[in-house]
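Single-structure report; data block below.
Because the structure is predicted, anything quoted here is derived from the model rather than measured. All heavy atoms count here, side chains included; hydrogens, waters and symmetry mates do not. Order of the sequence lines sets the chain letters (A, B, ...), proteins ahead of strands, with each chain counted from 1.
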There are 2 protein chains.
Amino acid sequence: MESTDKRIAVIQATIELVAEYGFHGSPMSQVAKRAGVAAGTIYHYFESKDALIESSYAHLEEELIASIKQGYCEEGPVQERFMHIGRALVDNFIAFPMKFCFIEQFHNSPYGVASRREKMLGKKNDLISSVFEDARQQGLIKELPLLVIFALAFGPLLIIIRDHIFGLVQLDSFLIEETVRACWDALKS
Amino acid sequence: MESTDKRIAVIQATIELVAEYGFHGSPMSQVAKRAGVAAGTIYHYFESKDALIESSYAHLEEELIASIKQGYCEEGPVQERFMHIGRALVDNFIAFPMKFCFIEQFHNSPYGVASRREKMLGKKNDLISSVFEDARQQGLIKELPLLVIFALAFGPLLIIIRDHIFGLVQLDSFLIEETVRACWDALKS
DNA sequence: GTCTTTTGATTGAATGATCATTCGGTATTT
DNA sequence: AAATACCGAATGATCATTCAATCAAAAGAC
């Protein structure tokens with residue numbers, strides 16, 4: 001993970017362009033132009049367009065986890081930890097819609113498939129999983145597979161974020177709070 | 001909406017290819033080959049690739065609504081109607097994963113934006129909205145904007161369908177039932 | 001400190017592939 | 001014979017990627 005100025009600039013340009021125009025609407029020539037870099041330079045940092053997209057996604061994922069960790073209390077009550085994660089997710093994506101658009105496109109494209117499978121095999125003790133493991137042990141939530149719990153917890157949030165970004169709803173902090181709480185209702189045993 | 005054999009064949013080929021390779025990985029030449037048709041023929045039925053993709057989506061949406069209507073009782077209790085819709089959605093997408101992959105890619109691409117906005121303006125009395133309107137009037141569900149209700153109701157289902165299709169969970173009818181019920185828990189006031 | 005040398009970074013025009021679309025013509029239907 | 005459906009090679013654009021040439025900076029030599 002080297003991080004020259006130009007490397008980051010290229011990733012940033014990729015995220016912006018892909019978010020707006022999709023993978024196929026984002027030629028390397030445009031990425032180069034927006035990053036203020038020559039086309040050839042991209043290939044100094046990334047093997048191919050696919051590799052660039054993969055790296056851009058990894059970059060976003062790191063940023064997202066970092067932003068969730070801000071103000072997160074590992075020792076607090078389970079429901080409060082859940083609410084924090086939910087709020088952080090929505091707030092962050094609403095503040096940076098491009099990140100959301102890129103990530104969602106990635107997840108629903110052939111790129112994302114392999115990536116998601118890898119993550120499932122081996123990720124045990126990350127921040128989020130452990131909230132649900134604790135909740136399960138305390139008998140607070142339903143006895144369902146972890147992935148189903150994930151779906152109930154975050155599925156609705158992704159949708160309202162998308163609706164907000166596309167201007168179909170206007171989220172405010174009250175509505176966000178109520179929605180995250182409703183997600184918790186879905187989990188409660 | 002004419003429906004020649006070839007027109008349908010082209011749409012079918014488009015859905016299959018896009019589901020597997022994405023929009024940018026589905027050249028018209030391949031669509032033609034898979035549909036058993038000459039490249040030029042596609043342009044007899046569709047103005048452009050964009051128009052073809054738009055029509056393919058519309059086709060899928062009609063099919064989906066038709067399949068939900070099967071066995072649907074307009075007069076039954078609200079919760080039962082909701083459970084029926086949820087089950088139908090999951091069953092249908094699991095039976096035809098290509099449909100799901102196409103639709104999700106569409107929704108998260110620049111194509112889908114306009115389409116979604118149009119639908120929001122003017123759709124009042126469709127099958128699904130009226131379930132939630134009835135539920136609201138009976139005081140059964142939370143007082144939240146319709147789009148948030150949609151998100152809570154169907155967001156989790158979309159995620160577990162994706163996980164199932166990618167082989168990350170194995171859904172059976174028990175798990176589907178429990179998940180749809182949990183979605184209802186999120187809605188309950 | 002100044003002058004080479006070497007290494008890595010950067011450039012952007014050139015290359016070759018691939019793609020959406022067109023069109024002149026052939027088959028099929030009316 | 002008129003109209004419509006269909007074909008597939010040809011066209012022109014666009015794109016990812018390469019590479020020979022320039023530039024920058026660090027390392028060594030004296």
Side-chain angles (χ1 to χ4, degrees), chain A residues 1-59 101-102 105-106 109-115, chain B residues 1-59 101-102 105-106 109-115:
Chain A
M1 298 291 135
E2 329 101 80
S3 57
T4 327
D5 276 1
K6 306 230 168 185
R7 201 189 115 94
I8 296 294
V10 169
I11 284 183
Q12 195 58 38
T14 304
I15 291 166
E16 291 173 21
L17 281 172
V18 169
E20 187 159 9
Y21 303 109
F23 294 116
H24 60 310
S26 307
M28 295 298 257
S29 55
Q30 286 295 317
V31 172
K33 190 178 290 180
R34 183 176 291 224
V37 142
T41 304
I42 299 178
Y43 290 86
H44 183 71
Y45 293 101
F46 306 95
E47 221 179 89
S48 65
K49 189 179 185 183
D50 280 11
L52 167 60
I53 287 166
E54 218 81 56
S55 297
S56 302
Y57 175 76
H59 178 80
C101 293
F102 182 98
Q105 287 193 64
F106 183 86
S109 77
Y111 295 114
V113 181
S115 161
Chain B
M1 298 297 134
E2 330 99 82
S3 57
T4 328
D5 276 1
K6 306 231 168 185
R7 202 189 116 95
I8 296 294
V10 169
I11 285 183
Q12 194 59 37
T14 304
I15 292 166
E16 290 173 21
L17 281 172
V18 168
E20 187 159 9
Y21 303 109
F23 295 115
H24 59 312
S26 306
M28 296 297 255
S29 55
Q30 287 294 318
V31 172
K33 189 178 292 180
R34 183 175 291 224
V37 143
T41 303
I42 298 178
Y43 290 86
H44 183 70
Y45 293 102
F46 308 95
E47 219 179 272
S48 65
K49 189 179 184 182
D50 280 11
L52 167 59
I53 286 167
E54 219 81 57
S55 297
S56 302
Y57 175 77
H59 178 78
C101 293
F102 181 98
Q105 286 192 66
F106 183 86
S109 78
Y111 294 114
V113 182
S115 161

Rounded off to whole Å, could you give me the [atom1]-to-[atom2] distance for the [X] and [N] pair?
| X | N | atom1 | atom2 | value |
| --- | --- | --- | --- | --- |
| Phe23(B) | dC15(D) | CZ | P | 18 Å |
| Tyr43(A) | dA14(C) | OH | C1' | 14 Å |
| Lys49(B) | dT21(C) | NZ | P | 8 Å |
| Lys33(A) | dA16(D) | NZ | P | 13 Å |
| Asp5(A) | dA9(C) | CG | C1' | 13 Å |
| Gln30(B) | dC19(C) | CD | P | 8 Å |
| Met28(A) | dA14(C) | CE | P | 20 Å |
| Phe46(B) | dC6(D) | CZ | P | 12 Å |

Practice prompt. By nearest nucleotide on DNA chain D, pick out whichever of Ala39(A) and Ala38(B) is the more 5' one.
Written response: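 First, find each residue's nearest nucleotide; the 5'-ward one identifies Ala38(B).
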Does [N] have its OP1 or OP2 closer than 4.0 Å to a side-chain nitrogen or oxygen of [X]?
| X | N | answer |
| --- | --- | --- |
| Tyr45(A) | dT10(C) | yes |
| Lys6(A) | dG8(C) | no |
| His44(A) | dT10(C) | no |
| Thr41(A) | dT11(C) | yes |

Item to complete: Check whether any side-chain heavy atom of Ile11(A) lies under 4.5 Å from a side-chain heavy atom of Phe46(A), and answer yes or no.
Response: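 When only atoms from C-beta onward are counted, Phe46(A) and Ile11(A) do touch, with a gap below 4.5 Å.
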Worksheet item: What are the two closest non-hydrogen atoms of Ile42(A) and Val31(A), and how far apart are they?
Response: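 In terms of heavy atoms, the two residues are closest at CD1-CG1, 3.9 Å.
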Fill in: Phe106(A) and Tyr57(A) aromatic ring geometry - parallel, tilted or perpendicular at 30°/60° bounds
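The rings of Tyr57(A) and Phe106(A) lie parallel, inter-plane angle below 30°.
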Item to complete: Can you sort out the partners of Glu16(B) under salt bridge (Lys or Arg N to Asp or Glu O under 4.0 Å), two or more places apart, ordered by chain and number?
Response: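 Residues passing salt bridge (Lys or Arg N to Asp or Glu O under 4.0 Å) with Glu16(B): Arg34(B).
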